[in-house]
Amino acid sequence: MTQATPLSRKIIIDTDPGQDDAVGILLALASPEVDVLGITAVAGNVPLALTVKNARKVCEVAGRGDVLVFAGCDKPIAKALITAEHVHGKSGLDGIELPEPEMPVQDKHGVDFIIDTLRSEPSGTVTLCPMGPLTNIATAFERAPDVIERVQEIVLMGGAYFEVGNITPAAEFNIYVDPEAADIVFKSGVKLTVMPLDVTHKALVTQERLIPFKDMGHVGAVVIGWMDFFERFDIEKYGSAGGPLHDPTVIAYLIKPDMFSGRFINVAIETQSELTRGMTVADWWGVTDRAPNAMFMGDLDADAFFALLSERIATLQTT
Ligand code: RIB
Ligand code: CA
């Protein structure tokens, strides 16, 4: 078990696993720089019942049945849920068969866990790490506005600028599923660091980058199984050399921020137009007078990213 250190950054992972979310959770559980206070599942890639189950499966792959896993919101704030089985498979975690999880789901609602944790931990010491639609985060902010100023930072995967969209011509999936929630979060005033498709599409899981996982026993076989399944969508769509590892960039940033580069800019969310709903309107070139509200990443050192992933996930191997 990876022990958090006194310097560990306390985080809540909010997630809709999802093979890429799953690798992000493994990276967090394998890294002493972060202390995972809890994992809150949200409806996104697949319905909530499956994201909750998948979050527990991932914790058990890491040998961490002690992690607190909570069920959050089962639908977006305003519209019907849109899922992505075409990318992640019917289970949301296709690619390798894993046993039904034995670890419990906590009784408390995920949104209440976020609120209670922000109220009980010293102000400014908890980072929220959303890797799916922002429904849980926005609902917590709406239900308990007092917690907003207590958040240390939000580091999220979502949005796009040059890469524009992956679920529609204009929008990235996490933002598209719940644009109203994203609008609340991006207007909240919380320190915001964004990992958009512009970064994650440079973190491609090539066959060469999977080689180290072949010598990592069960956990390595699981990651390879997930990646082999997950990459199909992007290879077919973009002709890319592998699938983009979107969500682990959130955790990698907490561990080695210098691996990333971007700009502090204004990012606004389109919620009205049916044509561009969920678009992150990123003022990359500073052409508006809208105040900057997000550190919007544009690039990463992909080799360093995969070196960190394989180094840390190797520490989780049991057999
Ligand atoms: O657009 C990519 C994002 O949508 C990732 O978080 C992936 O898991 C899906 O949720
Ligand atoms: Ca996700």
Side-chain angles (χ1 to χ4, degrees), residues 12-28 39-48 50-55 57-58 72-73 75-76 81-89 91-95 110 128-137 154-179 181-182 185 193-205 223 226-227 229-235 237-238 240 242-253 269 277-280 282 296-297 300:
I12 295 174
I13 295 175
D14 190 69
T15 178
D16 64 337
Q19 292 88 347
D20 59 319
D21 304 66
V23 176
I25 293 168
L26 292 183
L27 177 60
I39 295 176
T40 51
V42 67
N45 285 320
V46 286
L48 180 68
L50 287 173
T51 59
V52 177
K53 177 189 290 190
N54 293 341
K57 283 185 176 182
V58 178
C73 298
K75 68 175 289 297
L81 176 64
I82 293 164
T83 52
E85 287 86 350
H86 62 292
V87 178
H88 300 275
S91 74
L93 212 49
D94 284 23
L128 304 180
C129 300
M131 301 179 178
L134 293 165
T135 315
N136 286 343
I137 311 299
I154 293 176
V155 184
L156 69 87
M157 190 277 142
Y161 176 62
F162 292 100
E163 290 288 334
V164 197
N166 61 358
I167 187 76
T168 75
E172 176 279 326
F173 180 80
N174 288 341
I175 309 299
Y176 180 69
V177 169
D178 200 342
V185 171
T193 300
V194 180
M195 296 290 161
L197 295 179
D198 307 277
V199 166
T200 68
H201 279 186
K202 294 170 184 166
L204 299 180
V205 185
V223 170
W226 286 339
M227 292 302 97
F229 183 90
F230 171 71
E231 70 177 12
R232 296 170 301 95
F233 171 76
D234 288 84
I235 290 174
K237 177 173 180 178
Y238 298 103
S240 51
L245 252 190
H246 305 288
D247 295 333
T249 59
V250 169
I251 305 302
Y253 175 79
I269 309 296
R277 178 173 167 74
M279 183 175 195
T280 47
F296 196 80
M297 294 301 179
L300 87 163

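The basis for the numbers below is simple: all heavy atoms, side chains too, and nothing from hydrogens, waters or symmetry mates. Numbering of ligands and ligand atoms starts at 1, following listing order.
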Side chain D234, main chain P244, donor-acceptor under 3.5 Å: no

Result of checking I269, I175, L128 against L134 for side chain to side chain contact (heavy atoms under 4.5 Å, CB included): I175

Shortest non-hydrogen separation from L93 to Q19 and the atoms involved: C-NE2, 3.6 Å

Sphere of radius 3.0 Å around the Ca ion (ligand 2) - protein N, O or S atoms inside: D16 OD1, D21 OD1, D21 OD2, M131 O, D247 OD2

Distances for all N or O pairs of ligand 1 and the protein under 3.5 Å?
| unit_1 | atom_1 | unit_2 | atom_2 | d |
| --- | --- | --- | --- | --- |
| ligand 1 | 1 (O) | N166 | ND2 | 2.8 |
| ligand 1 | 1 (O) | E172 | OE2 | 2.5 |
| ligand 1 | 4 (O) | N174 | OD1 | 3.2 |
| ligand 1 | 6 (O) | M131 | O | 2.9 |
| ligand 1 | 6 (O) | N174 | ND2 | 3.0 |
| ligand 1 | 6 (O) | D247 | OD1 | 2.7 |
| ligand 1 | 6 (O) | D247 | OD2 | 2.9 |
| ligand 1 | 8 (O) | D20 | OD1 | 2.7 |
| ligand 1 | 8 (O) | D20 | OD2 | 3.1 |
| ligand 1 | 8 (O) | D21 | OD1 | 2.9 |
| ligand 1 | 8 (O) | N45 | ND2 | 3.1 |
| ligand 1 | 8 (O) | D247 | OD2 | 3.1 |
| ligand 1 | 10 (O) | D16 | OD1 | 3.4 |
| ligand 1 | 10 (O) | D16 | OD2 | 3.1 |
| ligand 1 | 10 (O) | N45 | OD1 | 3.1 |
| ligand 1 | 10 (O) | N45 | ND2 | 3.2 |
| ligand 1 | 10 (O) | N174 | OD1 | 2.9 |

Spacing of CG belonging to L48 relative to OG1 belonging to T83, to within rounding of 0.5 Å: 12.5 Å

Reference residue I12; test side chain to side chain contact (heavy atoms under 4.5 Å, CB included); the match among T40, I137, I39: T40

Side chain to side chain contact (heavy atoms under 4.5 Å, CB included) partners of K202, counting only residues at least two apart: D299, L300

Any donor-acceptor N or O pair under 3.5 Å, side chains T51, D16: no

Contacts of K57 that satisfy salt bridge (charged side-chain N to carboxylate O under 4.0 Å, His left out) - sequence neighbours left out: none

Geometric class of the H201/H246 ring pair [parallel <30°, tilted 30-60°, perpendicular >60°]: tilted

